[in-house]
Amino acid sequence: NHSHLSDLEWVLKVRVNTQAVLKRAQQIQGRKVAKKQWQAAWLLKAVTCIDLTTLAGDDTPSNVHRLCMKATQPIRHDLLKSMDMHDKGITTAAVCVYPSRVADAVKSLKAANSSLPVASVATGFPAGQTPLKTRLEEVQMAVEDGATEIDIVINRTLALTGQWRALYDEIRQFREACGDAHMKTILAVGELGTFTNVYKASLVSMMAGSDFIKTSTGKESVNATYPVAIVMVRAIRDYCLRTGYKVGFKPAGGIRTAQESLVWLTLMKEELGDEWLSPHLFRLGASSLLADIERQIYHYVTGRYPAYHELPMA
């Protein structure tokens, strides 16, 4: 479905102009965001692109259930009604959990009569340092339990040491293990060292069949930043121009405010165009972002910010 690594030459030749990337990132952050009703519409668009995530060591069936319920009804019904958006089927894009919690999530969503996809991290998340065999088994188990999206992590060691063919071969195996499930490939950009490495890892991930490339696990010390995102989305654009294949983008880690979600949408619109402003090609990996978006929508509708108890968290 993608070009193969016959394009290894392309990967090896790449050099990223750091100054140009940093300048562009500053431009995008400096953009004025939309006003009032337009802003509310953009925030609802952001909600529909969220992979609502819980990846804590103390996840239980009950907090996964709450997450699923929040994903199916992310904004309070009365708030949507006053915006005349209550019948538009606004949900998040997916819920994202550890492999061992996939079955819980599938069960909760089924009981709620929801067709929302369950995504699962796999492949020795977050470090990707377990044996290949167990990483592949983890993918298969998550898919068997009903995950239709798998967020894999690349073996950063291979990227850092320039073993691009080995990285490609490994991701191909993950691709096969995913079967029909969508594969999002996490680069863990904060641990890749240089923009050039990020660009090369992006290309190799796409050549190996990724449906999305994702910035971070959320567990690194540096997560999604705008400069790194620009490098990744330009790799997506170049890949699309060369192959005709459209790959999605997912920033994750540390995205907490409604304001930031608007910057991410602006970045997508300006760098890749309107087609990438949908959950089909854009996801926001987040756990606490939704609460702030709902708070801003409450303010838009009522003219005041909610008291703490008025918007119970998922």
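As the structure is a computational prediction, the values presented were derived from the model and not from experiment.
Contact annotation: the side chain of T148 never approaches that of H182 to less than 4.5 Å [non-hydrogen atoms, C-beta and beyond]. Counting only heavy atoms from C-beta outward, the side chains of Q73 and T91 never approach each other to under 4.5 Å. Contact annotation: the side chain of L132 approaches that of F174 to within less than 4.5 Å [non-hydrogen atoms, C-beta and beyond]. Side chains of W42 and L277 form a contact here, defined as non-hydrogen atoms less than 4.5 Å apart. Between V189 and S216 there is a side-chain heavy-atom pair separated by less than 4.5 Å. Between R66 and K70, the closest side-chain pair of non-hydrogen atoms is not below 4.5 Å. Annotation: side chain of L52 is not in contact with side chain of S287 (no heavy-atom distance under 4.5 Å). Here the side chains of R175 and D211 are in contact, with some heavy-atom distance below 4.5 Å.
Residue Q26 qualifies as open at atom CD: its count of foreign heavy atoms under 6.0 Å is 12 or below. Applying the 6.0 Å contact sphere to NZ of K110 captures no more than 12 heavy atoms from other residues, nucleotides or ligands. More than 12 heavy atoms of other residues, nucleotides or ligands shown are found within 6.0 angstrom of NE2 on H299.
Every pair passing salt bridge (charged side-chain N to carboxylate O under 4.0 Å, His left out) that includes a residue from residues 39-58 is listed here, sequence neighbours excluded: D51-K184, D51-K250, D51-R283.
The minimum heavy-atom distance between P251 and F282, with the atom names listed, is CD-CE1, 3.6 Å. Contact record, L44 with M85: CD1-CG, 3.8 Å, taken as the closest heavy-atom pair. Of all the heavy atoms in Q296 and A258, the pair that sits closest is CG-CB, 3.5 Å. Heavy atoms only, all atoms of each residue included: A159 and L167 are closest at CB-CD2, 4.5 Å. Nearest heavy-atom pair across A286 and I50 is O-CG2, 4.4 Å. The minimum heavy-atom distance between T215 and A224, with the atom names listed, is OG1-CB, 3.5 Å.
In the hydrophobic cluster analysis, where Ile, Leu, Val, Met, Phe, Trp and Tyr join through side-chain heavy atoms closer than 4.5 angstrom, L262 is grouped together with W276. When the side chains of ILVMFWY residues are joined at heavy-atom separations under 4.5 Å, either directly or via intervening members, Y199 and I28 end up in a single hydrophobic cluster. Cluster annotation: M141 is not connected to V106 through the hydrophobic network of ILVMFWY side chains, with a link wherever side-chain heavy atoms come within less than 4.5 Å. Hydrophobic cluster membership is shared by L284 and V97, with clusters built from Ile, Leu, Val, Met, Phe, Trp and Tyr side chains linked at under 4.5 angstrom. Follow the hydrophobic side-chain contacts under 4.5 Å out from I150 and you reach L187 in the same cluster.
Taken to the nearest 0.5 Å, the CG atom of D145 stands 10.5 Å off from the CZ atom of R101. Once rounded to the nearest 0.5 Å, the distance linking CG of N113 with OG1 of T72 reads 10.5 Å. Put simply, CE on M268 and CG on L281 are 7.5 Å apart, with the number rounded to the nearest 0.5 Å. Interatomic distance, L289 CG to E294 CD, rounded to the nearest 0.5 Å: 11.5 Å. Note that CZ of R165 is 13.0 Å distant from CG of L158, once rounded to the nearest 0.5 Å. Here CG of L43 is found 5.5 Å from OG of S261. Values are rounded to the nearest 0.5 Å.
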>> For T196 and T194: C-alpha separation, side-chain torsions, deciding distance, then whether side chain to side chain donor-acceptor pair (under 3.5 Å) applies.
In response: CA-CA 5 Å; T196 296; T194 66; 4.8 Å; no
>> Does E149 form a side-chain contact (heavy atoms from CB on, under 4.5 Å) with V118? I'd like the steps, not just the answer.
In response: CA-CA 6 Å; E149 305 184 357; V118 174; over 6 Å; no
> Does the pair T161 and Q163 meet the rule for a side chain to side chain donor-acceptor pair (under 3.5 Å), with working shown?
Replying inline: CA-CA 6 Å; T161 52; Q163 299 179 68; 2.8 Å; yes
>> Checking T217 against V121 for the side-chain contact (heavy atoms from CB on, under 4.5 Å) test, could you report, in this order, the C-alpha distance in whole Å, the side-chain angles of both residues, the deciding distance, and whether it holds?
In response: CA-CA 9 Å; T217 65; V121 298; over 6 Å; no
> Can Q39 and Y300 be said to form a side-chain contact (heavy atoms from CB on, under 4.5 Å), step by step?
Replying inline: CA-CA 9 Å; Q39 185 159 337; Y300 167 72; over 6 Å; no
> Please walk me through it: do S210 and T185 pass side chain to side chain donor-acceptor pair (under 3.5 Å)?
Replying inline: CA-CA 6 Å; S210 307; T185 300; 2.7 Å; yes
>> Apply side-chain contact (heavy atoms from CB on, under 4.5 Å) to residues Q173 and R135 and explain how you reach the verdict.
In response: CA-CA 10 Å; Q173 291 182 66; R135 281 181 285 150; over 6 Å; no
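Taking a cutoff of 4.0 Å between a charged side-chain nitrogen and a carboxylate oxygen, K219 and E191 do not qualify as a salt bridge. Checked for salt-bridge contact, R295 and D292 meet the test: a charged N lies under 4.0 Å from a carboxylate O.
Not a single donor-acceptor pair under 3.5 Å links the side chain of D238 to the backbone N or O of A235. No donor-acceptor distance shorter than 3.5 angstrom exists from the side chain of T123 to the backbone of G128, with no hydrogens or angles considered. Here the side chain of E275 pairs no donor or acceptor atom with the backbone of L272 at under 3.5 angstrom. Here the side chain of Q129 pairs no donor or acceptor atom with the backbone of G124 at under 3.5 angstrom.
Relative ring orientation between Y245 and Y239 is described as perpendicular, the plane-to-plane angle rising above 60° on a 0-90° scale split at 30° and 60°.
A donor-acceptor pair shorter than 3.5 Å can be found between the side chains of R304 and Y298.
Results of the salt bridge (Lys or Arg N to Asp or Glu O under 4.0 Å) test with E270 over R31, R234, R237 single out R31 as the only residue that passes.
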